[in-house]
Every structure is written in C-alpha cells, then in structure tokens.
Amino acid sequence: MLLNDAEVSRTQGSRIQQPSTDLISIVTAASNFYYESGGQQSDGGKILVSNHQHPEHPHSLEVISVKHLNDCVVHVCKLSSPTDTFQLAIGDEVELLVDAQQRQLNTCHHTATHLLNAAIRSLFKKVTYQVSSSVTSDQCKLELGLLGKRIQKSDVQLIEDLINRVICSAAPVEVQLLSAAEVLEQNDITMVPGEVYPEQGLRLVNVESPELQLSSKELCCGTHATNTSELSCFCIVNLKQTNRARFAFTAVAGQAAENVLKTAALLRHRVDLLEKQFQTDKLTNATEAELQTIRHNMLHTDIKLPYAFKMDTLERITEMLKRIKDSSRTTLKEFVDVEMRTLLQEKPLDTHPFILHYITSSALVEEIPLQRATKVCQDRPILVISVCDSVVKARCCVPANCITEKFNASAWLQSFADTFNGQIAAPKGQNPQAVCNMKGRRVSNLFEEQLEQAMSKAHAYAKLYL
C-alpha cells in the first residue's frame, strides 16, 4: 500500500488529517478493474474495507484511477470521511466493486471507435492510418490520417448512417487471442503505426457485417461490447482537420448518444418555433436575443450535438439573423447592444470581475464598432473581439481604479494579440493603460482554434494579475 506515495503496511482512518487530498494506492491479489491502457480510461468504482465494529457497514473507498505498474494492478483511492473504525493492513480482504455504468459507457465507446475506423476505410477506400484514440465514459476520439480525401458534413452523415445500420444488424463482437506470427498471416488487421506489440497474447477484436460491406479487425486490449446492438445508437459530435491530411473525430454511443439526440430534438423544436415567428412576422427583440444566445452557446459551451445537425442549425440561425439585418428590423447598434446587454445580465460584477468576450454577431455585419461594445461596460475591465470578412480585431478598456503596473489595457490586450501576431496601439491622444486596440489581422481557417487559444491566454492573464 502507498499513502500519498509513501509505502505503509497499515493505515487507520483517524490518522488522516486532510481526507480531501489524501490518496491511498492499493494492490490486490486479483482485480476485476480495467487499468488505463490503449487509450481507454480506467474503470471507476469502490473498494469495500471491513468494519470490525460494524461488519454490516463496511468502509467504502472511492477508486478514482487504476494503473498497471511492475505487473501489478494499482487501485488509486480517494480517502474521505475517516473514522476510528477504518483500518486497513497488508493481507486484509477487501471487496472490489466496478462502476457498472461507467464500464458500460467505456465499453460502448471503445467498440464505437473501432466501428468508426472501419466505416471510414469502408466508405472512402482511401489510405488511412490511425494517429491516436481516446476512450472515456463521456465520449470517444479518433484521429486518422486520410490521404486523398477531405471529410465534409455529408460524409459525416454517411459514416453515422453506416455505423447505425451495423448497430441495428446486431453483429457479434468476437475476441481472439493470437500470436504475432498468426497476425502476420492476415493482411486485413488494423494496427497503430509505431506501436510495439508482444510476441504472444495479442487480442484481436473482430466485427464483421458482410451485408453492409464493413469489416473491423483490430488488435486491442480494451473492453468491448459482445454485440453491436449494445451500442443502441451512434453519432459524431465534432470534426476537426488537424492538418492537411489528418482528421480528428469526437463521437458518442449508447446512453451518451441517446442523451445527445434528445438535446438535439429539443433544440430543433425551439429553433423551428423561432423560425415560425420570423416567417409569420412576429419577431421581437427577445426572439433575436434568444437566437444570439443559442448561437453563442452552440459555439462556445461544452454542449454536445450531432455534428451535421449543429452545422445545419448554425446555418439556419445565421441566415435568420442576416435576414433580420437585411430587413432593417434592427440596427448595427442594436445587434451589439442586445448581445452585450445579455452578456452583462448573465455575468454580474460580483462573480465576474472582468469581461472577455467574442462578439458572435460581428460575423453578420460588414463592420463592428468595438467602442460601442466597451461603452456598455464601464464598471470593470473588458476585452472584446470581433471578426468581419475574415479579419479579427480586438479592443480593451480598463477603469482607472483597476490599472496596475502588471494589469492594464495594453498588457492585457497583448496577452491576447500574441496568438495572432497582432499589433496593438492606443487611440490617438488616449492613455494606452486605459484603452488599447488591436489592429485588424486576416485569419485562416484555423481561426476557431486560434481564438480559443488567445482567449484562454487572456483569461489566465486577467485571473493572475487583476
């Protein structure tokens, strides 16, 4: 046993001073926990320790991670609510309880990763190679090299459709143990480039669906479903092109996918109602504000939605907002004011000492007066960003009572501008510590990633120095 990385032969609950930070690592003679390996997160669960005074109420240790070290399965547990009755010594018997729901989600997502890999190869008949994969109870990620093919929204729908048909076909997921020599006899097994495999005990996970022309054969040590029907459904929630010939997919399956589809159905219903209001000439400023809020949340929060649905819905909302502008229902001033007023209502001063915001409505207009956005927020430091016609701009204002040597408009804006190699300067005749602008910089198709990185740096700078 290890208590906070120190080897011990015995521990007692009453000796633990800070249970919120204390960790105990336990090695058992055998374990039913899956340890982190092959890109899959470890199981969670509990270890029950005997309670000598009240045997019917064993002490419960929360297993937060499981590792494989020196041929031992190490259960890392978080200690909480220590009592005098909690004692554990080498040789004691314990009961291991795996979190069945987390295991099931991990299992679904790992099998889904294999199906995703196979579906891409089956549909596009291009040279592919796996770069990396990650499997958790929340989602699965797969990054692939794909030569001679650029993945579009319509391709995502084809991939989802094929995988969901394989799921509905209830194809068995078979596992075989092979030697390296037996693996080399087959030419259709997917392996990770650069991975070193042992000579014996290679685990081949195989899913065959001849009627759908899909074959998945991968060497894998992870947990898997026994039948594709256990996945229930599958959807891709994000797609990024990481370089010229690499694509990173994020997907969900099983209960996680069902939850995503329910969220999408609710959002589709709400956007349908808003579009109906627009078509029947019942549009109000509240409707426009709600469209702006939905668009902002879809772009800048962790909400999971089917990728194709998300792209289509963003296009619908953007088109409605553009038509609002074209029909002169609102002015440019109102576009900015509505968004900023909504933002300030959501972020009161007592919980948000500074404002860092990308003006999403800026993409709908030819020019955005950033000074109008900063004027509505004079009680705290504010940094706002806009992008018009693929040109990004930013403006920063800091009230006099917040200015210090480390924190001022010039320094804060510079922490943002560095990502874009942007030039900053104060408006003519104004104090650069109080107000500063970033000159327009043309952005590439990686703007979203650059924006996220720049805003993260600016947020960290304000948290550190304000």
Side-chain angles (χ1 to χ4, degrees), residues 41 44 99 101-113 115-116 119 134-142 151-168 225 228-240 247-278 286-321 339 342-343 345-347 358 360-361 363 448 452:
Q41 74 173 171
D99 185 328
Q101 183 178 14
Q102 181 185 339
R103 165 73 72 84
Q104 174 65 15
L105 287 168
N106 286 347
T107 293
C108 284
H109 283 144
H110 207 145
T111 303
T113 305
L115 294 178
L116 175 59
S134 170
V135 175
T136 70
S137 56
D138 295 324
Q139 61 193 19
C140 58
K141 293 183 178 181
L142 176 66
I151 300 293
Q152 308 288 343
K153 181 182 68 176
S154 57
D155 297 320
V156 169
Q157 293 170 308
L158 288 175
I159 295 168
E160 287 179 333
D161 180 62
L162 176 56
I163 293 175
N164 280 309
R165 283 190 288 153
V166 173
I167 291 171
C168 292
T228 59
S229 61
E230 295 174 28
L231 275 63
S232 73
C233 59
F234 170 91
C235 67
I236 294 169
V237 296
N238 199 18
L239 169 66
K240 287 185 178 180
F247 297 87
F249 296 82
T250 304
V252 287
Q255 186 61 53
E258 292 176 16
N259 293 340
V260 166
L261 293 174
K262 287 177 184 177
T263 301
L266 292 171
L267 182 57
R268 179 185 289 110
H269 176 68
R270 187 57 195 158
V271 174
D272 286 344
L273 290 178
L274 292 171
E275 191 168 45
K276 186 176 180 180
Q277 289 180 13
F278 183 86
T287 307
E288 181 189 343
E290 185 173 355
L291 286 170
Q292 294 280 16
T293 300
I294 292 173
R295 185 175 184 273
H296 178 271
N297 289 340
M298 290 178 68
L299 288 170
H300 302 294
T301 67
D302 294 331
I303 181 173
K304 286 188 176 72
L305 294 167
Y307 178 78
F309 166 80
K310 180 178 179 179
M311 295 298 102
D312 289 340
T313 303
L314 285 171
E315 287 178 12
R316 288 177 66 190
I317 292 175
T318 300
E319 180 60 27
M320 279 190 277
L321 290 171
E339 182 168 341
T342 302
L343 178 70
Q345 287 175 359
E346 294 174 349
K347 298 185 176 183
Y358 165 56
T360 55
S361 58
E448 287 189 4
E452 183 178 349

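Basis for what follows: all heavy atoms, side chains included, without hydrogens, waters or symmetry-related copies. Since the structure is predicted, the reported quantities are computational estimates derived from the model, not experimental observations.
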Hey, what do you get for CG (Leu299) to OH (Tyr358), rounding to the nearest 0.5 Å?
-> 7.5 Å
Check Ile167 against Phe234 and note the closest heavy-atom contact, atom names and distance.
-> CD1-CB, 3.8 Å
Minimum side-chain heavy-atom gap Val135-Lys141 below 4.5 Å = no
With sequence neighbours left out, what residues match Asp99 under salt bridge (Lys or Arg N to Asp or Glu O under 4.0 Å)?
-> none
Taking Thr111 for its side chain and Ala225 for its backbone only, find out whether a donor-acceptor pair lies under 3.5 Å.
-> yes
When you measure from the side chain of His109 to the backbone N and O of Thr136, does any donor-acceptor pair fall under 3.5 Å?
-> yes
Which pair of non-hydrogen atoms, one from Leu116 and one from Ile163, has the smallest distance, and what is that distance?
-> CA-CD1, 3.6 Å
Any sub-3.5 Å donor-acceptor pair from Asn297's side-chain atoms to Ile294's backbone N or O?
-> no
Rounded to the nearest 0.5 Å, what's the gap from CD on Glu339 to CD on Glu288? Could you check?
-> 10.0 Å
Excluding sequence neighbours, so at least two apart, what forms salt bridge (Lys or Arg N to Asp or Glu O under 4.0 Å) with Arg165?
-> Asp161
With sequence neighbours excluded, residues passing side chain to side chain donor-acceptor pair (under 3.5 Å) with Asp138 = none
Locate the shortest heavy-atom distance separating Ala112 from Cys140; write the atom from each residue and the value.
-> CB-SG, 4.4 Å
Roughly how far, to the nearest 0.5 Å, is the CG atom of Leu314 from the CE atom of Met298?
-> 4.0 Å
Residue pair Lys347 / Leu343, side-chain heavy-atom distance below 4.5 Å | yes
Between Arg316 and the options Asp272, Leu291, Leu274, the side chain to side chain contact (heavy atoms under 4.5 Å, CB included) test singles out Asp272
Heavy-atom side-chain contact between Cys168 and Val166 under 4.5 Å = no
Side chains of Val237 and Tyr307: does their closest heavy-atom pair fall under 4.5 Å?
-> no
Taking side chain as C-beta onward, heavy atoms only, is Leu239 less than 4.5 Å from Val156?
-> yes
By side chain to side chain donor-acceptor pair (under 3.5 Å), which residues pair with Ser137, not counting sequence neighbours?
-> Gln41
What distance separates Leu321 CG from Arg295 CZ, expressed to the nearest 0.5 Å?
-> 7.0 Å
List the atom of Cys233, the atom of Leu261, and the distance in Å for their closest heavy-atom pair.
-> SG-CD1, 4.0 Å
Identify the heavy atoms of Ala264 and Pro306 that sit nearest to each other, and give their distance.
-> CB-CD, 3.7 Å
Using a 4.5 Å cut-off on heavy atoms from C-beta on, say whether the side chain of Ile159 contacts that of Phe249.
-> yes
If every non-hydrogen atom of Thr342 is compared with every non-hydrogen atom of Ala289, which pair is closest and at what distance?
-> OG1-CB, 4.3 Å
What pairs of residues pass the salt bridge (Lys or Arg N to Asp or Glu O under 4.0 Å) test when at least one of them lies in residues 300-313, not counting sequence neighbours?
-> Lys153-Asp312
Below 4.0 angstrom, N of the basic side chain to O of the carboxylate: do Lys240 and Glu448 qualify?
-> no
Going from NE2 on His110 to CG on Leu115, what distance comes out if it is rounded to the nearest 0.5 angstrom?
-> 11.0 Å
Just wondering, do Gln157 and Ile236 contact through their side chains at under 4.5 Å, heavy atoms?
-> no
Arg103 meets the salt bridge (Lys or Arg N to Asp or Glu O under 4.0 Å) criterion, sequence neighbours left out, with Asp43
